[in-house]
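Bear in mind the structure is a predicted one, so any value in this text is a computation, not a measurement.
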Amino acid sequence: MTKRYFGTDGIRGKVGTAPITPDFMLKLGWAAGKVFAREGRSKIIIGKDTRISGYMFESALEAGLSAAGVDVLLLGPMPTPAIAYLTRTFRCNAGIVISASHNPYYDNGIKFFSEHGTKLPDAIEHAIEAQMDMAMTTVEAAELGKAQRIEDAAGRYIEFCKGTVSGDLSLKGLKIVVDCANGATYHIAPKVFRELGALVVEIGSSPDGININEACGATSTALLQQTVVEQQADLGIALDGDGDRLIMVDHLGQQVDGDELLFIIAMALHKKDQLSGGVVGTLMSNFGLEQGLKQANIPFVRAKVGDRYVLEQMIAHDWFLGGESSGHLICRQLTSTGDGIVAALQVLKAIADEQSSLYTLKSAMGKMPQTMINVRLTDKIDVLALPEVQLAVADIESRLGERGRVLLRPSGTEPLVRVMVEGDDEAWVEGLCQELAEVVRQAL
């Protein structure tokens with residue numbers, strides 16, 4: 001069955017444009033409440049990022065849930081992974097996140113977590129959508145859901161984050177710049193690193209409802225790179241608006257992406273015989289990550305792009321580490337979803353254990369040059385099924401051999417096919433990518 005509202009990462013769009021409207025959120029809260037209330041009295045937790053529209057949608061969801069007879073716990077601004085964690089610790093039936101992650105302030109969205117702090121099963125999303133078609137009703141007054149604001153949510157989550165690294169980890173002597181993207185981690189991330197002993201310089205920690213992800217955070221690291229160099233810091237940490245992505249910056253101001261961070265964590269765990277299997281990346285993960293793990297005899301598989309698919313593969317293989325180039329890193333032995341702060345602590349632990357630097361540890365992975373060209377589609381067509389494209393791909397793969405790889409991937413949001421070639425020589429890779437892109441254009 002095709003879903004009308006839920007995508008791979010919840011429901012997202014521009015505020016004021018259907019379905020991201022107050023009336024829809026009211027009905028969504030009610031529909032979700034009715035579904036979860038089928039098994040008796042239910043309790044659902046709600047958190048949000050710092051977007052100005054979050055208060056409006058929080059109130060609408062709260063009203064809908066109450067009308068369905070569901071009790072509500074309100075967290076206020078909290079990172080997405082914190083809501084996954086607190087859903088479990090408060091023994092809630094579900095968690096709701098009001099956030100559009102790395103998008104601009106004028107977008108917003110809704111994500112649900114199950115009672116286990118994981119994405120909702122498809123069956124429940126289908127049930128919620130089916131309930132949306134029903135006329136909205138209100139339970140008897142005595143059965144209305146009650147709302148309660150949790151005042152110590154931030155402190156609970158700070159202690160959880162610190163608890164994911166051994167008690168003897170000290171960041172004393174490290175100077176760290178922390179960029180909170182003016183988002184949900186603004187009152188949490190600096191405290192975590194500061195309480196572990198680091199000297200913390202904060203940027204992107206003054207949200208005003210509109211400046212979330214604006215020229216800052218994990219999707220725009222220029223300010224962090226500049227600040228790390230100016231402050232002569234040891235490294236920088238960039239989180240996105242809802243705190244589930246991590247990008248870092250070394251002492252030279254060079255960006256360290258999700259693939260390199262995944263490699264650092266994997267190697268540190270492998271050396272201690274704590275990796276428990278292999279690593280899950282995506283179709284977009286750098287070939288250098290695959291090669292580096294292979295040299296260390298660490299198994300590696302690629303999932304479709306999206307943290308949902310990474311987690312699916314991790315569960316299927318019973319592995320505990322996976323992630324994306326964009327910085328969604330999942331340490332499944334520690335938490336149930338991607339968590340930027342928890343992942344950063346794992347990297348800092350590796351630095352401390354190795355008595356090394358971020359620059360040195362990321363340099364152990366030979367990141368390969370990658371060229372991507374977007375070819376616009378005029379018709380919906382399976383490019384990979386075209387014989388001339390198949391021949392061209394096979395030819396380039398044979399020329400690359402073990403020195404690189406080819407990927408053709410349709411965009412999930414635009415009428416484009418992404419043509420990507422990776423290899424160990426930048427000019428050669430660029431030429432091969434242009435050659436393949438031209439074949440694709442001609443075939444179309």
Side-chain angles (χ1 to χ4, degrees), residues 49-50 77-79 81-82 102 154-155 157-162 164-165 169-258 260-261 264-265 326-327 329 339-363:
D49 65 22
T50 56
M78 287 292 289
H102 57 279
Y157 180 59
I158 288 169
E159 289 307 310
F160 162 73
C161 290
K162 288 159 56 182
T164 62
V165 288
L169 174 66
S170 172
L171 303 181
K172 193 172 182 180
L174 276 183
K175 186 175 185 180
I176 300 174
V177 183
V178 180
D179 183 350
C180 301
N182 291 313
T185 63
Y186 78 97
H187 58 318
I188 290 172
K191 290 180 181 177
V192 170
F193 302 113
R194 200 170 274 136
E195 288 180 18
L196 288 172
L199 175 61
V200 174
V201 178
E202 297 180 31
I203 59 175
S205 58
S206 302
D208 61 10
I210 292 174
N211 61 1
I212 186 170
N213 299 314
E214 185 180 359
C216 60
T219 55
S220 183
T221 60
L223 176 61
L224 177 62
Q225 291 170 283
Q226 178 186 335
T227 307
V228 166
V229 173
E230 288 177 351
Q231 292 284 332
Q232 296 184 320
D234 294 288
L235 55 88
I237 293 170
L239 304 160
D240 68 337
D242 73 330
D244 63 358
R245 286 193 191 194
L246 169 71
I247 297 293
M248 294 180 74
V249 170
D250 66 24
H251 71 285
L252 298 177
Q254 298 173 346
Q255 181 175 291
V256 185
D257 70 10
E260 293 165 308
L261 297 173
I264 291 170
I265 297 171
S326 60
L329 305 177
D339 190 318
I341 296 173
V342 168
L345 288 171
Q346 290 299 298
V347 175
L348 291 170
K349 190 171 187 302
I351 291 170
D353 289 346
E354 292 291 317
Q355 296 186 319
S356 187
S357 68
L358 179 60
Y359 171 82
T360 300
L361 293 185
K362 66 113 177 189
S363 298

(request) Determine, stepwise, if the pair I265 / V347 fulfils side-chain contact (heavy atoms from CB on, under 4.5 Å). (result) CA-CA 6 Å; I265 297 171; V347 175; 3.8 Å; yes
Contacts of [X] that satisfy side-chain hydrogen bond (donor to acceptor under 3.5 Å, both in side chains) - sequence neighbours left out:
{"X": "D234", "value": "none"}
{"X": "Y186", "value": "none"}
{"X": "T360", "value": "S357"}

(message) Test side-chain contact (heavy atoms from CB on, under 4.5 Å) on E202 and V177; report intermediate values, then the result.
(response) CA-CA 6 Å; E202 297 180 31; V177 183; over 6 Å; no
What heavy-atom pair brings [X] and [Y] nearest, and what distance separates the two atoms?
{"X": "P207", "Y": "N182", "answer": "CB-O, 3.4 Å"}
{"X": "G253", "Y": "V229", "answer": "CA-CG2, 3.8 Å"}
{"X": "A181", "Y": "G241", "answer": "CB-N, 3.9 Å"}
{"X": "P79", "Y": "G243", "answer": "CB-CA, 4.5 Å"}
{"X": "A238", "Y": "L224", "answer": "CB-CD2, 3.6 Å"}
{"X": "I176", "Y": "A198", "answer": "CD1-CB, 3.7 Å"}

Find out whether [X] and [Y] are in side-chain contact, i.e. whether some heavy atom of one side chain is under 4.5 Å from a heavy atom of the other.
{"X": "I351", "Y": "L235", "value": "yes"}
{"X": "F160", "Y": "V342", "value": "yes"}
{"X": "T50", "Y": "I212", "value": "yes"}
{"X": "L174", "Y": "L171", "value": "yes"}
{"X": "D242", "Y": "H102", "value": "no"}
{"X": "I247", "Y": "T219", "value": "no"}
{"X": "I203", "Y": "L223", "value": "yes"}
{"X": "V192", "Y": "L345", "value": "yes"}

Donor-acceptor under 3.5 Å ([X] side chain, [Y] main chain):
{"X": "D339", "Y": "P81", "result": "no"}
{"X": "D353", "Y": "A350", "result": "no"}
{"X": "E260", "Y": "D257", "result": "yes"}
{"X": "H187", "Y": "P77", "result": "yes"}
{"X": "K175", "Y": "Q231", "result": "yes"}

Pairwise distance [atom1]([X]) to [atom2]([Y]) - rounded to 0.5 angstrom:
{"X": "K362", "Y": "I264", "atom1": "NZ", "atom2": "CD1", "value": "8.5 Å"}
{"X": "L196", "Y": "S170", "atom1": "CG", "atom2": "OG", "value": "8.0 Å"}
{"X": "C180", "Y": "L239", "atom1": "SG", "atom2": "CG", "value": "6.0 Å"}
{"X": "I188", "Y": "Y157", "atom1": "CD1", "atom2": "OH", "value": "7.0 Å"}
{"X": "I341", "Y": "L348", "atom1": "CD1", "atom2": "CG", "value": "11.5 Å"}
{"X": "M78", "Y": "D49", "atom1": "CE", "atom2": "CG", "value": "12.5 Å"}

(request) Applying ring-ring contact (aromatic ring centres under 6.0 Å, His included), name anything that partners H251, two or more places apart in sequence or on another chain. (result)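 H251 satisfies ring-ring contact (aromatic ring centres under 6.0 Å, His included) with Y359 only.
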(request) Applying salt bridge (Lys or Arg N to Asp or Glu O under 4.0 Å), name anything that partners K191, two or more places apart in sequence or on another chain. (result)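 Partners of K191 under the salt bridge (Lys or Arg N to Asp or Glu O under 4.0 Å) test: none.
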(message) Suppose we screen for salt bridge (Lys or Arg N to Asp or Glu O under 4.0 Å). Which residues come up paired with D244, at least two apart in sequence or across chains?
(response)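 By the salt bridge (Lys or Arg N to Asp or Glu O under 4.0 Å) rule, D244 matches K111.
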(message) side-chain contact (heavy atoms from CB on, under 4.5 Å), that's the test. Do L246 and D240 meet it? Break it down for me.
(response) CA-CA 7 Å; L246 169 71; D240 68 337; over 6 Å; no
(message) Any donor-acceptor pair under 3.5 Å linking the side-chain atoms of Q225 with those of T221?
(response)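 Judged by distance alone, the side chains do pair up.
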(message) Run the side-chain contact (heavy atoms from CB on, under 4.5 Å) test on V256 and L261 for me, step by step, so that the C-alpha distance in whole Å, both residues' side-chain angles and the decisive distance to 0.1 Å come before the verdict.
(response) CA-CA 7 Å; V256 185; L261 297 173; 3.7 Å; yes
